[in-house]
Undergrad: 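Dumping the structure here so I can ask a few things about it.
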Amino acid sequence: MNSSFPVPADPGRPAPRRGGGLEPSSPGGAAPLHQAADMGLDSGEKLRQECWEMIGGRTRERLMELAGGVIDWFARRDRSSLDGRPYAVVFGDRGLTIAEPRINTEHRPVYAISAFLFEPGSLRHVPVDHRPPPHTPMAGPALASGPRPPTAPVAGLDSADRGLLGNLPPRAQELLQTPFTSGQRVLRCHWAYEGFEHHLNMFMVCLAGARDVTVASGTKVIPAGHSDATAHWSLTCYRASVARRIGK
């Protein structure tokens, strides 16, 4: 089954989605469900393709080489960069790779590359197709269906990360966070989306820890008569085991 996601405009091949479903639970207990924060759109921001092309060719090639067959990716402005350079995240069948702008000891602009390389054959995926009827209450911590045991916050997520996750269907929130409910800390959380107020044609979020990486990617549509609370999501959630890390 070939990926339906766009690939950076560099040599590369779409990746097959490997494996079967994800583990449904973790010995650490239930994953927390978060309150949704506003997913605003800034018309002044460069789109991912333009940001990708601002990154040097050798850096892009290295990201894709480490990631393997590309499943999804994004590039966006790095708010910590004093010179306004973007950073990039590439998710492939062999790893999750990240390039971040830095200034080296000679005061020259460079990119630092980090990677979470996967255990061969460990990449799994499951579709999450969320289509609630109009006027359904937002699924948050207090409104999830059925009683839930007390949940501890996932270590390593800040308030912006939690607010972003709160927009996702409860099933996607659980799949993304389950590996991190038993003490494993989220070392990296990156996300991006673009599109229009009622249609995000690109969405991706990734959580990376010392042992696991989880990713959700896909689209969001707010049909006529619906609101953000009843948006329709078409996502694929992925999980892979980390075999080796490069960088921090």
Side-chain angles (χ1 to χ4, degrees), residues 30-48 51 72-81 86-89 91 96 98 100 128-145 148 150-181 184-209 213-223 225-238:
L33 297 180
H34 302 290
Q35 198 67 48
D38 178 57
M39 291 180 65
L41 290 167
D42 187 345
S43 60
E45 290 286 345
K46 294 181 174 66
L47 298 179
R48 64 174 183 164
C51 289
D72 207 354
W73 65 281
F74 68 82
R76 61 182 293 193
R77 180 168 62 93
D78 188 329
R79 297 183 184 279
S80 67
S81 173
Y87 76 100
V89 176
F91 167 54
L96 178 75
I98 305 155
E100 297 169 292
V128 175
D129 197 33
H130 182 70
R131 298 181 181 276
H135 314 304
T136 302
M138 175 75 77
L143 298 173
S145 59
R148 290 176 60 87
T151 57
V154 169
L157 296 178
D158 63 23
S159 59
D161 300 331
R162 294 191 295 270
L164 183 281
L165 292 175
N167 286 276
L168 301 182
R171 177 64 172 150
Q173 294 190 51
E174 291 172 347
L175 290 170
L176 284 165
Q177 295 177 98
T178 288
F180 306 99
T181 59
Q184 180 179 192
R185 182 179 183 86
V186 176
L187 301 176
R188 295 297 196 101
C189 179
H190 297 291
W191 40 271
Y193 52 85
E194 58 187 51
F196 304 92
E197 183 179 353
H198 289 87
H199 182 198
L200 299 182
N201 49 33
M202 176 269 155
F203 175 89
M204 177 179 166
V205 58
C206 57
L207 280 63
V213 166
T214 59
V215 177
S217 68
T219 61
K220 170 192 174 185
V221 174
I222 303 177
H226 287 250
S227 66
D228 257 331
T230 58
H232 290 184
W233 289 88
S234 296
L235 299 168
T236 303
C237 292
Y238 301 86

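Worth knowing before you read on, the calculation uses all heavy atoms, side chains too, and leaves out hydrogens, waters and symmetry mates.
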Undergrad: Among all residues two or more places apart in sequence or in another chain, which pass the side chain to side chain donor-acceptor pair (under 3.5 Å) test with Arg188?
TA: Glu100, Ser114, His190
Undergrad: Taking all atoms of both residues into account, what is the closest heavy-atom pair of Val154 and Phe180, and its distance?
TA: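 Val154 and Phe180 have their closest heavy atoms at CG1-CB, 3.6 Å.
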Undergrad: Indicate the atoms forming the closest heavy-atom contact of Thr181 with Pro32, along with that distance.
TA: CG2-CD, 4.4 Å
Undergrad: Partners of Glu194 by side chain to side chain donor-acceptor pair (under 3.5 Å), sequence neighbours excluded?
TA: none
Undergrad: Identify the two heavy atoms, one from Ala31 and one from Gln173, that lie closest to each other, and give their separation to 0.1 Å.
TA: CB-O, 4.5 Å
Undergrad: Can you name the side chain to side chain donor-acceptor pair (under 3.5 Å) partners of Lys46, sequence neighbours left out?
TA: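 In terms of side chain to side chain donor-acceptor pair (under 3.5 Å), with neighbours along the sequence ignored, Lys46 is linked to no residue.
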Undergrad: What residues, two or more places apart in sequence or in another chain, satisfy side chain to side chain contact (heavy atoms under 4.5 Å, CB included) together with Ala192?
TA: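 Ala192: side chain to side chain contact (heavy atoms under 4.5 Å, CB included) contacts with Phe74, Arg76, Met202.
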Undergrad: With a 4.5 Å heavy-atom cut-off, do Leu157 and Leu207 have their side chains touching?
TA: yes
Undergrad: Please identify each residue that fulfils side chain to side chain donor-acceptor pair (under 3.5 Å) with Ser159, with sequence neighbours left out.
TA: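 If we apply the side chain to side chain donor-acceptor pair (under 3.5 Å) test to Ser159, skipping adjacent residues, there are no hits.
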Undergrad: For residues Pro179 and Gln177, determine if any side-chain heavy atom of one lies less than 4.5 Å from a side-chain heavy atom of the other.
TA: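 No; the side chains remain at least 4.5 Å from each other.
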Undergrad: Could you report the tightest heavy-atom contact between Val128 and Arg171, atom names first, then the distance?
TA: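 Reported closest heavy-atom pair: CG2-CG, 4.0 Å.
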Undergrad: Among all residues two or more places apart in sequence or in another chain, which pass the ring-ring contact (aromatic ring centres under 6.0 Å, His included) test with Trp233?
TA: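 Counting only residues at least two positions away or on another chain, Trp233 forms a ring-ring contact (aromatic ring centres under 6.0 Å, His included) with Phe203.
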Undergrad: Taking side chain to side chain contact (heavy atoms under 4.5 Å, CB included) as the test, write out the residues that go with Pro223, two or more places apart.
TA: Val221, His226, His232
Undergrad: Check side chain to side chain contact (heavy atoms under 4.5 Å, CB included) between Ser234 and all other residues, then give those that pass, not counting sequence neighbours.
TA: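 So Ser234 forms a side chain to side chain contact (heavy atoms under 4.5 Å, CB included) with Asp129, Arg131, Thr219.
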Undergrad: Could you go step by step and tell me if Asn201 and Tyr193 meet the side-chain contact (heavy atoms from CB on, under 4.5 Å) rule?
TA: CA-CA 8 Å; Asn201 49 33; Tyr193 52 85; over 6 Å; no
Undergrad: Any side-chain heavy-atom pair from Met39 and Leu164 closer than 4.5 angstrom?
TA: yes
Undergrad: Just so I know, are the side chains of Met204 and Val89 near enough to count as touching, which here means a heavy-atom distance under 4.5 Å?
TA: yes
Undergrad: Within a strict 4.5 Å, meaning less than it, do heavy atoms of the Tyr238 and Cys206 side chains meet?
TA: no
Undergrad: Write down the atom of Glu174, the atom of Thr178, and the distance for their closest heavy-atom approach.
TA: O-OG1, 2.6 Å
Undergrad: Please report the closest heavy-atom contact between Val213 and Ala208, naming both atoms and the distance.
TA: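 That closest heavy-atom pairing would be CG2-CB, 3.8 Å.
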Undergrad: ring-ring contact (aromatic ring centres under 6.0 Å, His included) with His199: which residues, sequence neighbours excluded?
TA: none
Undergrad: Tell me, do Val215 and Cys237 make a side-chain contact under 4.5 Å, heavy atoms counted?
TA: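 No, their side chains stay 4.5 Å or more apart.
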Undergrad: Pick one: which of Val186, Leu168, Leu235 meets side chain to side chain contact (heavy atoms under 4.5 Å, CB included) with Leu176?
TA: Leu168
Undergrad: Quick one, Ser81 and Arg79 - any side-chain contact, counting heavy atoms below 4.5 Å?
TA: no
Undergrad: Could Arg77 and Asp42 be called an ion pair, given the rule that one side-chain N must be under 4.0 Å from one carboxylate O?
TA: no
Undergrad: With sequence neighbours left out, what residues match Asp158 under side chain to side chain contact (heavy atoms under 4.5 Å, CB included)?
TA: Ala160, Asp161
Undergrad: At what distance, to the nearest 0.5 angstrom, does CG of Asp38 lie from CG of Asp228?
TA: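 Separation between the atoms: 7.0 Å.
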Undergrad: Under the criterion side-chain contact (heavy atoms from CB on, under 4.5 Å), I'd like the reasoning laid out for Leu47 against Glu45: C-alpha separation, chi angles, the key distance, then a yes or no.
TA: CA-CA 6 Å; Leu47 298 179; Glu45 290 286 345; over 6 Å; no
Undergrad: Any non-hydrogen side-chain atom of Leu165 less than 4.5 Å from a side-chain atom of Val205?
TA: yes
